[in-house]
Amino acid sequence: MDYFLTARLPFSLTSVIRSHGWFQLLPFAVPEDASSLEYILELSSGKVVRLTFREADGGANLTISEEMEAVDLEEVQAAAAWMLELDFDLSSFYAIAQDERKLAHAETNARGRILRCATIFEDVVKTILTTNTSWGGTKRMVRGLVEKYGAALASDPEQKAFPTASQLAKANVEALRQECKLGYRAPYVLELAQKQTLGEIDLEALKTNHPPTPELRKQLLALKGIGDYAAANLLMILGRYDYIPIDSWALSMVSKEWHAGEPIGRAEVEAAFERWGEWRGIAYWLWDWSAS
DNA sequence: GGTAGACCTGGACGC
DNA sequence: GCGTCCAGGTCTACC
């Protein structure tokens, strides 16, 4: 089943895919020829499908692996629109970025959208798994969760969706710690899954609720395992660019760019991008760090 | 509000 | 092959 997804222009599927490392984490996959983006999705009906996105003029083409009923199709299309931020309006950012040499590529290459997972729960879990570890460690932990707890695609049981909150809520800390190698993050992920399942938190409501960014940040920081860096990262995924995800890499790059490699702190990173206001996060993210 | 130490894993390094 | 050190953010206890 093939569908065309209309996007607000400018749009580039490649730019969305390459916006950050999510495409390297299961259940995302990019084939060797890099011609598409695949994602295994479990629908609320329990049906598991493979979505394949391909570049197309004015948007993206979507191929769904299975035949499905109208209600499932509606859910898939809503998920796809959310994941690719099809309707995201970056025009005011492009307007102020066009005069900055280090950001001139942004509009030209339709950059600024951040690839999302189908659920905010999945984005939060993955963000927790990026903290205090190497990228290889993150990939390993995510793979462990998907392979152990994810629902399988009927036509290819090797391919699995990311586990839902209710699936993960049934796990125990030791299994997450030992078998999925989550280490000290295991209780954070388990608590998140249990709270989401019990309705004590409702992460998916953030797709439609739009609290002011400081309040949203406060909500994210209240989640165990989410600190300043992780909250800023999630805010960017949610389309809020007011905060910069300051990690060791950010400190290093800003130091080289403006402080001759001298040790700096968070304040210097924030000061460097202060002038970009509500767009400072994406200005930092898209900044051309190559030597000029 | 700021700081120190613990948390956990894998990779780099020296022996 | 083994042991040690370090990097990577967040949490908690303490001041």
Side-chain angles (χ1 to χ4, degrees), chain A residues 19-26 114 116-117 120-149 163 165 168 171-196 200-201 203 206 213-238 240-257 259 261-274 280-282 284-285 287 289:
Chain A
S19 56
H20 62 150
W22 258 209
F23 73 94
Q24 297 176 12
L25 300 178
L26 292 176
I114 306 288
R116 298 161 163 165
C117 300
I120 296 177
F121 171 75
E122 183 178 335
D123 280 320
V124 174
V125 171
K126 285 178 171 173
T127 298
I128 290 173
L129 302 187
T130 65
T131 59
N132 204 24
T133 187
S134 63
W135 183 242
T138 300
K139 289 200 280 189
R140 217 169 5 253
M141 288 184 263
V142 171
R143 190 188 318 125
L145 291 181
V146 170
E147 291 179 350
K148 183 166 175 62
Y149 299 102
L168 274 185
N172 65 71
V173 171
E174 278 314 300
L176 294 175
R177 195 187 289 270
Q178 301 299 330
E179 297 173 26
C180 302
K181 300 292 182 189
L182 265 59
Y184 70 92
R185 304 168 195 81
Y188 300 158
V189 170
L190 185 59
E191 181 180 312
L192 183 79
Q194 290 173 338
K195 283 188 170 177
Q196 175 77 6
E200 294 177 16
I201 56 173
L203 295 171
L206 297 176
T213 305
E215 187 183 319
L216 180 54
R217 178 172 177 269
K218 206 171 170 182
Q219 289 181 33
L220 294 170
L221 287 171
L223 303 172
K224 282 279 183 63
I226 301 294
D228 284 334
Y229 161 78
N233 196 59
L234 281 166
L235 284 172
M236 286 190 42
I237 287 172
L238 292 170
R240 310 293 185 94
Y241 294 147
D242 313 51
Y243 293 87
I244 300 170
I246 302 174
D247 56 6
S248 53
W249 188 85
L251 294 170
S252 166
M253 298 311 288
V254 170
S255 169
K256 286 177 189 166
E257 185 86 352
H259 298 276
E262 292 296 311
I264 61 168
R266 297 178 55 87
E268 285 79 5
V269 177
E270 285 163 359
F273 289 93
E274 186 61 34
R280 61 177 80 97
I282 198 64
Y284 155 76
W285 199 249
W287 198 258
W289 299 103

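Naming convention: chains lettered A, B, ... in sequence-line order (proteins, then strands); numbering from 1 in each chain.
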In terms of side-chain heavy atoms of A/Asp228, which of C/dC11, B/dC7, C/dT10 is nearest?
C/dT10

Quick one: which of B/dC8, C/dT10, C/dT12 gets closest to the side chain of A/Arg177?
B/dC8

Indicate, yes or no, whether a donor-acceptor pair under 3.5 Å links the base of C/dG9 to the side chain of A/Tyr184.
yes

For [N], does either OP1 or OP2 sit under 4.0 Å from a side-chain N or O belonging to [X]?
X	N	value
A/Lys181	B/dG10	no
A/Arg140	B/dT9	no
A/Arg185	B/dC8	no

Which heavy atom of A/Asn233 sits nearest a heavy atom of A/Pro245, and at what distance?
N-CB, 3.9 Å

Nearest heavy atoms of A/Ala165 and A/Ala193, plus distance in Å
O-CB, 3.5 Å

Answer with base, sugar-phosphate or nothing: what part of the nucleic acid does [X] contact at a heavy-atom distance below 4.0 Å?
X	answer
A/Ile128	nothing
A/Leu223	sugar-phosphate
A/Gly137	nothing
A/Ser248	sugar-phosphate

Is A/Glu215 salt-bridged to A/Lys218, cutoff N-O under 4.0 Å?
no

